[in-house]
Amino acid sequence: MYRKITREKLRKWLIGLSARAEILVPAKMNGLWTFRLFHNQELPQNFLNSRIPPKNLFFEPLKGLLGWKAADGSFQVNSCPAPEAARVIFGLKPCDARALRLLQPVFTGDYPDVFYAGNLSRTLLLGQACRVQCQGSFCSEVGIDRQDSVDFDVFFREIAGGYIVRVITEKGNTLTGEKEFFEESSAGEWNSAKEEIRGKNEIPLFNLEKVKAGARERFPDEDFWMRVSAKCINCGICTYLCPTCHCFDLCDLQRPGQGVRFRCFDSCAFPDFTKMAVHNPREEKWRRYRQRVSHKFNFFYENFQTVACVGCGRCVAHCPVNLDLREVLLEMAR
Amino acid sequence: MSEIIPEVSKDGLLDLGKKLFDERRVDYFLGYKKGTVRFKTIPLIARKGEDLQELWVEDFFHANLSLYLKEIKGRVGILAKGCDSRSLVSLIKEGQIKREDLYIVGIPCAGQVDPGKAAKAASCEPEELEEIIRRNQEFVIRANGQEKTLSKTQVLLDKCLFCQYPRPLIFDSLLTGDYVAPVSPVARAQDDLRQKPVSEKWAFWSGQFERCIRCYACRNVCPACFCPRCIVEENMPQWVSPLPAEGDNFVFHLMRLLHVAGTCVSCGECQRVCPVEIPLMKLNEKMTDDLRELFDFVAGVDLEKALPFRTYRQEDPQDFIR
């Protein structure tokens, strides 16, 4: 189902929604695109992918899980409540929404995570088609359509003066059914709103099937992993900017008589990642880099039948030493 | 001038590197190769002569290669811009490397481009920048099919505008080229923040450190951060929690700042690589200014002068140390 809305009406629609839900929209803060609370402001045009992936709004980098208190011989443990307040995020990109879907089986499978599940079910996802090829990105190679997606409730394509929207879920249908704001549109109009992406691929295309096979074959090839990881400086940029990386650490903050258990991100790039009492199975850098690539293109695929990479390009564009995942994948696919 | 400078041409650089391997004078050679992302260059870690085929020293060689000397031990050939050579001096003084284990090839640098800054000056997103071309004393920026001419001040990294050491301070040979500062050096204007009351400074840095994601790229890219084990990773006891919370972020950054005082040569790599664009150089500049004023010390400029935090003097003005 397709509808359309003018730019001004979209803003008014969001203003109306903000009485019932928290609205997050793209905004530039300190030179970085990010998602901020909507205060009835004009919506930005031509915004790019947020530097920090919206994953952090669902799987938070710092999250209290439980608290405890001890007083007068009694001891109390309280779980932190799962989030419930309704929320709308506007301006998500297809890659980041796919990432949220990829993480769903991890967080809602055998060991359900009430926080991730709660955040997902309380949030209406409003996506927007990309117009620019992000630096370092290879989204089309991992099966993301930058101009179309069904990972949202509603997906927006910008046209002169407004948007054509593709309604995907029932929740999206109800919300965009308000005649005051949205008009009916058609598949024809939707199709003609498709745009050419500006910018070009910086690296030749690779075949994802070959990458997956290569990830398995290359696993025991220590020389390969040593060579490709040699320049890595063991920082956490690639993992912390990644929309699908989801390794975490638990940390207790204790004060006399009380404490809180937090969850925070962890990174396989760090030497202490998986360090145990007497042994560190990934002491060397190449083992940790192999872990990162294999987790995404080998283990995750084995477990969930999809690779855990959406090609957003953040790890490529922001690596301090230009360690380009695309080059590694190309070589694996050879 | 009686000094004889062993100059090497760009074509000769490859031969020089190969010769160093052949004569077993180096085990590694650190250089640059062409980047895969616009306006970036990849550090090249060569283990043998053939690896040097990809050597590329045209433009955008931001990286201070001395960072790899933390990890790579042995005899190393290394390319160094003027500013990078200060790190080498500093590391030799700190006993981290031996001068005789290094073969330093100085490279001329006409200033390093800051794509973020250029994009801002050209009123576009960094993603939209197609080309940054040096043309005489200016830069031509192509973005969204349009061309704009920008000045060096609008395009180069701030540190390059105050470049005092365009020519490496120590080297074994120099690549042919002009060793002059990209713009005639002016004194760095003092940061306005320094005149502000403490409460305002606190508010400013709270806002900055709030964004810190604790990726430790600033620390890991820093040649001066050479501790084999950093205090933030100690967990028995845990001095700093790994939580990316404001208090711990503050402790991490300020502790790191004090720890590199006297070794930090203001190469600016920490700020350049920060994924959330925290202006860390504001802190480093304050620290280096304080060192100059209080200890008459500038890091990485001479091999002889005593290190401020390694020197004990009877006449120290502070009681607690006497």
Side-chain angles (χ1 to χ4, degrees), chain A residues 28-34 46-49 51-52 56 61-63 132-137 198-200 202-203 227 230-241 249 251-253 262-267 269-272 275 285 313-314 316-324 326-327, chain B residues 30 33-45 47 60 62-63 67-68 70-72 115-116 119-120 124-130 144-145 207-208 211 213-222 229-230 233 235 238 241-245 248 269-270 272-279:
Chain A
K28 207 166 198 183
M29 301 277 292
N30 298 300
L32 311 177
W33 282 109
T34 180
N46 291 328
F47 55 86
L48 297 171
N49 248 355
R51 179 73 54 92
I52 301 289
N56 291 27
L62 177 60
K63 176 81 191 101
V132 181
Q133 165 116 18
C134 297
Q135 201 166 37
S137 68
R198 277 190 287 131
K200 55 179 190 300
E202 294 154 317
I203 229 157
R227 179 164 51 81
K231 58 182 173 278
C232 171
I233 62 165
N234 304 311
C235 79
I237 290 183
C238 54
T239 49
Y240 287 180
L241 297 193
D249 192 9
C251 182
D252 293 344
L253 280 194
F262 285 98
R263 176 169 71 189
C264 63
F265 288 177
D266 199 358
S267 168
F270 296 160
D272 281 2
K275 185 184 177 188
K285 171 162 84 176
R314 289 179 177 97
V316 177
H318 301 291
C319 175
V321 294
N322 192 190
L323 204 180
D324 192 331
R326 298 170 303 182
E327 282 202 308
Chain B
L30 300 175
K33 68 175 192 176
K34 214 168 181 336
T36 59
V37 174
R38 271 161 291 174
F39 325 127
K40 282 198 184 192
T41 301
I42 301 175
L44 172 72
I45 304 171
R47 287 154 191 274
F60 313 116
H62 300 91
L67 91 97
Y68 288 107
K70 291 191 255 189
E71 192 182 314
I72 290 171
K120 215 170 167 185
C124 68
E125 296 284 344
E127 269 81 354
E128 293 170 327
L129 289 175
E130 287 149 26
N144 298 324
Q208 299 297 330
R211 310 201 281 287
I213 57 172
R214 295 286 284 280
C215 67
Y216 302 127
C218 51
R219 177 194 69 184
N220 293 12
V221 82
C222 176
R229 191 169 170 82
C230 177
E233 270 132 19
N235 53 9
Q238 189 170 60
S241 97
L243 302 175
D248 292 296
E269 284 290 274
C270 50
R272 184 180 70 84
V273 303
C274 177
V276 290
E277 300 182 11
I278 299 174

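Chain naming here is simple, since letters A, B, ... match the order of the sequence lines and numbering starts at 1 in each.
Considering only heavy-atom pairs separated by less than 4.5 Å from chain A, the leading option among Glu125(B), Arg47(B), Glu277(B), Lys70(B) is Glu125(B). When each of Glu327(A), Lys28(A), Lys231(A), Arg263(A) is scored by its heavy-atom pairs under 4.5 Å with chain B, the top score falls to Lys231(A). Taking Asn46(A), Asp272(A), Leu253(A) one by one and counting their heavy-atom pairs under 4.5 Å with chain B, the maximum is reached by Asp272(A). Listed options Lys120(B), Arg272(B), Glu71(B) were ranked by heavy-atom pairs under 4.5 angstrom with chain A; first place goes to Glu71(B). In terms of heavy-atom pairs under 4.5 Å with chain B, the best-connected choice from Leu241(A), Leu48(A), Val132(A) is Leu48(A). Chain B forms more heavy-atom pairs under 4.5 Å with one residue of Gln133(A), His318(A), Arg198(A) than with any other, namely Arg198(A). The candidate with the highest count of non-hydrogen atom pairs below 4.5 Å against chain B, out of Cys264(A), Gly136(A), Pro271(A), is Cys264(A). No other option in Val273(B), Thr41(B), Asn220(B) has as many heavy-atom pairs under 4.5 Å with chain A as Asn220(B).
In this structure, Tyr240(A) and Val276(B) have side chains that are not in contact, with every pair of non-hydrogen atoms separated by 4.5 Å or more.
Interface remark: Ile237(A) contributes backbone and side-chain atoms alike to the contact with chain B (heavy atom separation under 4.5 Å). With a 4.5 Å cut-off on non-hydrogen atoms, Ile233(A) touches chain B through its backbone and its side chain both. Heavy atoms closer than 4.5 Å to chain B are found nowhere in Arg314(A), neither backbone nor side chain. Both the backbone and the side chain of Ile213(B) have a heavy atom closer than 4.5 Å to some heavy atom of chain A. For Ala63(B), no part lies under 4.5 angstrom from a heavy atom of chain A. There is no contact between Lys63(A) and chain B, counting heavy-atom distances below 4.5 Å. Contacts between Glu130(B) and chain A at a heavy-atom distance below 4.5 Å are absent for every atom of the residue. When heavy atoms are compared at a cutoff of 4.5 Å, Cys319(A) approaches chain B solely by way of its backbone atoms N, CA, C and O. At a 4.5 Å heavy-atom cutoff, Phe265(A) makes no contact with chain B through either its backbone or its side chain. At a 4.5 Å heavy-atom cutoff, the contact between Glu128(B) and chain A is made by side-chain atoms alone. Of the atoms belonging to Ile52(A), it is side-chain heavy atoms, and not backbone ones, that fall under 4.5 Å from chain B. Looking at Leu67(B), only its side chain comes within 4.5 Å of chain A, counting heavy atoms on both sides.
Minimum heavy-atom separation, Cys251(A) to Leu243(B): CB-CD2, 4.0 Å.
To the nearest 0.5 Å, the span separating CG on Asp252(A) from CD on Gln238(B) amounts to 9.5 Å. With rounding to the nearest 0.5 Å, the separation of CG in Leu62(A) from CZ in Arg214(B) is 10.5 Å. Distance CZ/Arg211(B) to CG/Leu32(A): 6.0 Å, rounded to 0.5 Å.
Between the side chains of Thr36(B) and Asn322(A), a donor-acceptor pair is found at a separation under 3.5 Å.
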request  = Run the numbers on Arg326(A) and Val37(B) for side chain to side chain contact (heavy atoms under 4.5 Å, CB included), then give the verdict.
outcome  = CA-CA 11 Å; Arg326(A) 298 170 303 182; Val37(B) 174; 4.0 Å; yes

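With sequence neighbours excluded, the residues forming a side-chain contact (heavy atoms from CB on, under 4.5 Å) with Arg219(B) are Tyr216(B), Cys225(B), Cys230(B), Val232(B), Glu233(B), Phe252(B), Arg256(B), listed by chain and number.
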